[in-house]
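Quick notes on the structure that follows.
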Number of protein chains: 2
Amino acid sequence: MKRTRMSGAACPVARSLDAIGDWWSLLIIRDALDGMRRFGEFQKSLGVAKGILTTRLRNLVALGILELAPASDGSAYQEYLLTEKGRALFPVVVSLRQWGEQYLYAPGEAHSLLVDNEGERPVERLELRSSDGRVLGWTDTTVRKLPSSSPKRRSQM
Amino acid sequence: MKRTRMSGAACPVARSLDAIGDWWSLLIIRDALDGMRRFGEFQKSLGVAKGILTTRLRNLVALGILELAPASDGSAYQEYLLTEKGRALFPVVVSLRQWGEQYLYAPGEAHSLLVDNEGERPVERLELRSSDGRVLGWTDTTVRKLPSSSPKRRSQM
DNA sequence: CAGTATCCCCCCTGATACTG
DNA sequence: CAGTATCAGGGGGGATACTG
């Protein structure tokens with residue numbers, strides 16, 4: 001796409017989006033977090049062209065988000081498993097899910113719900129907390145550019 | 001891009017990505033959360049072509065994520081302010097930020113840090129919690145398709 | 001089943017020039 | 001400053017056919 005690359009950006013948000021901010025990667029990761037492992041599972045779930053899926057999977061493996069493993073059943077094929085780096089995207093997917101649930105569905109419209117396995121109760125909303133446990137809103141935080149020398153005001157996030 | 005639309009998807013993650021899952025929107029929102037309001041600020045910060053920025057801003061306004069307001073200074077122009085729906089994307093941006101900080105920088109490489117305004121201490125990582133306060137990992141949750149009738153195993157997220 | 005190989009088209013991207 | 005208009009190009013996206 002010749003789009004401006006941000007892999008070298010100083011901003012972690014930009015770097016993250018550069019890695020997984022396309023239209024398919026996060027959906028693949030969502031499915032992987034959901035237990036999917038096989039090419040065909042992804043393909044059927046996403047309805048994406050096989051060629052595109054191949055590209056995306058290869059890219060996710062290259063990024064260290066997925067890894068290839070021999071199939072757990074007898075088959076001669078491989079499976080795509082989440083690495084720790086990939087599993088760490090859980091909060092990203094959950095935050096997207098929670099935002100969508102709250103703002104993208106009509107009042108009466110039913111939507112799926114993320115529940116705690118133990119007790120089957122809905123999970124809480126993700127909340128950002130300070131080191132002493134206070135809940136932090138978007139105005140309560142500042143991006144400090146470098147661990148050491150620091151500008152005071154909110155600057156580039 | 002003629003890509004498959006997911007605005008009608010049953011999965012909130014897909015709907016969210018359909019709305020803001022492109023290469024610029026979340027960066028605009030990041031900047032807006034950072035206090036930016038003016039066309040020129042976004043343009044300079046992102047280094048994006050003006051035409052593209054116009055499209056994206058218009059789309060975000062149409063989605064109800066940004067809203068137009070008269071300029072706070074004397075100027076005759078308008079400002080783009082986050083709505084509540086837009087501010088609710090804070091956890092999404094933070095989760096991307098934290099993931100990037102942890103996995104996208106070389107060991108020695110310095111990166112910016114999100115700090116609590118009060119005390120300037122780094123924030124905690126976002127954690128998902130159950131209704132009784134336990135921290136939940138990705139294996140501790142299940143997507144229940146509809147609030148009522150529910151399959152047991154992890155299914156489409 | 002799990003890809004690879006083509007093909008084409010569309011639209012996004014990025015520049016530049018222009019307007020109020 | 002805040003956009004709008006226009007244009008070139010290139011790569012993603014989708015479909016289909018093919019292979020092991």
Side-chain angles (χ1 to χ4, degrees), chain A residues 1-9 14 17-29 31-32 35-63 66-81, chain B residues 1-9 14 17-29 31-32 35-63 66-81:
Chain A
M1 185 167 295
K2 208 192 60 174
R3 60 178 244 272
T4 21
R5 284 284 149 194
M6 314 204 202
S7 359
L17 289 173
D18 192 68
I20 53 161
D22 70 273
W23 280 297
W24 292 115
S25 296
L26 272 173
L27 290 175
I28 293 172
I29 291 158
D31 284 347
M36 294 190 192
R37 306 168 155 214
R38 299 289 284 263
F39 187 94
E41 289 182 295
F42 293 117
Q43 214 256 317
K44 189 165 53 174
S45 162
L46 301 174
V48 64
K50 292 201 271 187
I52 299 175
L53 180 57
T54 300
T55 308
R56 287 298 178 282
L57 287 172
R58 218 196 308 271
N59 185 240
L60 289 172
V61 169
L63 287 170
L66 294 177
E67 64 186 348
L68 285 166
S72 49
D73 60 352
S75 73
Y77 301 108
Q78 303 184 96
E79 294 184 342
Y80 298 88
L81 302 183
Chain B
M1 187 166 295
K2 209 191 60 172
R3 59 178 246 271
T4 21
R5 284 284 149 193
M6 313 205 201
S7 1
L17 288 173
D18 191 68
I20 52 160
D22 69 275
W23 280 297
W24 293 115
S25 296
L26 271 173
L27 290 176
I28 293 172
I29 291 158
D31 284 348
M36 293 190 194
R37 306 170 154 211
R38 299 287 286 261
F39 187 93
E41 288 181 296
F42 293 117
Q43 214 256 316
K44 189 165 56 176
S45 162
L46 302 174
V48 64
K50 293 201 273 185
I52 299 175
L53 180 57
T54 300
T55 308
R56 286 298 179 282
L57 287 173
R58 219 197 306 270
N59 186 239
L60 290 172
V61 169
L63 287 170
L66 295 178
E67 64 186 347
L68 285 167
S72 47
D73 60 350
S75 74
Y77 301 108
Q78 303 183 98
E79 295 185 343
Y80 298 88
L81 301 183

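Chain naming here is simple, since letters A, B, ... match the order of the sequence lines and numbering starts at 1 in each.
Side-chain contact between A/M6 and B/L27 is present, with at least one heavy-atom pair separated by less than 4.5 Å. At least one side-chain heavy atom of A/W23 sits less than 4.5 Å from a side-chain heavy atom of B/W23. In this structure the side chain of B/M36 never reaches within 4.5 angstrom of the side chain of B/I28, judged on heavy atoms. Side chains of A/T55 and A/N59 form no contact here, defined as non-hydrogen atoms less than 4.5 Å apart.
Taking a pair to require two hydrogen-bonding distances under 3.5 Å in either a Watson-Crick or a G-U wobble arrangement, C/dG20 pairs with D/dC1.
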All N/O pairs under 3.5 Å across the protein-nucleotides 2-6 of chain C interface:
| unit_1 | atom_1 | unit_2 | atom_2 | d |
| --- | --- | --- | --- | --- |
| C/dA2 | OP1 | A/R38 | NE | 2.3 |
| C/dA2 | OP1 | A/R38 | NH2 | 2.6 |
| C/dA2 | OP2 | A/G40 | N | 3.0 |
| C/dG3 | OP2 | A/Y80 | OH | 3.1 |
| C/dG3 | N7 | A/K50 | NZ | 3.1 |
| C/dG3 | O6 | A/K50 | NZ | 2.6 |
| C/dT4 | OP2 | A/R58 | NH2 | 3.3 |

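Between A/M6 atom CE and C/dT13 atom P there is a gap of 10 Å when expressed in whole angstrom units. Residue A/I52 contributes atom CD1, which lies 16 Å from atom P of C/dC10 at whole-angstrom precision. The CZ atom of A/F42 sits 15 Å away from the C1' atom of C/dC1 (whole-angstrom rounding). Separating the CG atom of B/L46 from the C1' atom of C/dA15 is a distance of 17 Å, rounded to the nearest angstrom. Nucleotide D/dG11 holds its C1' atom 9 Å from the CH2 atom of B/W23, rounded to whole Å.
Of the inter-residue distances, the one linking B/Y80 atom OH with B/F39 atom CZ reads 6.5 Å to the nearest 0.5 angstrom.
Between A/D73 and A/R38 there is a salt bridge, with a side-chain nitrogen of the basic residue lying less than 4.0 Å from a carboxylate oxygen of the acidic one.
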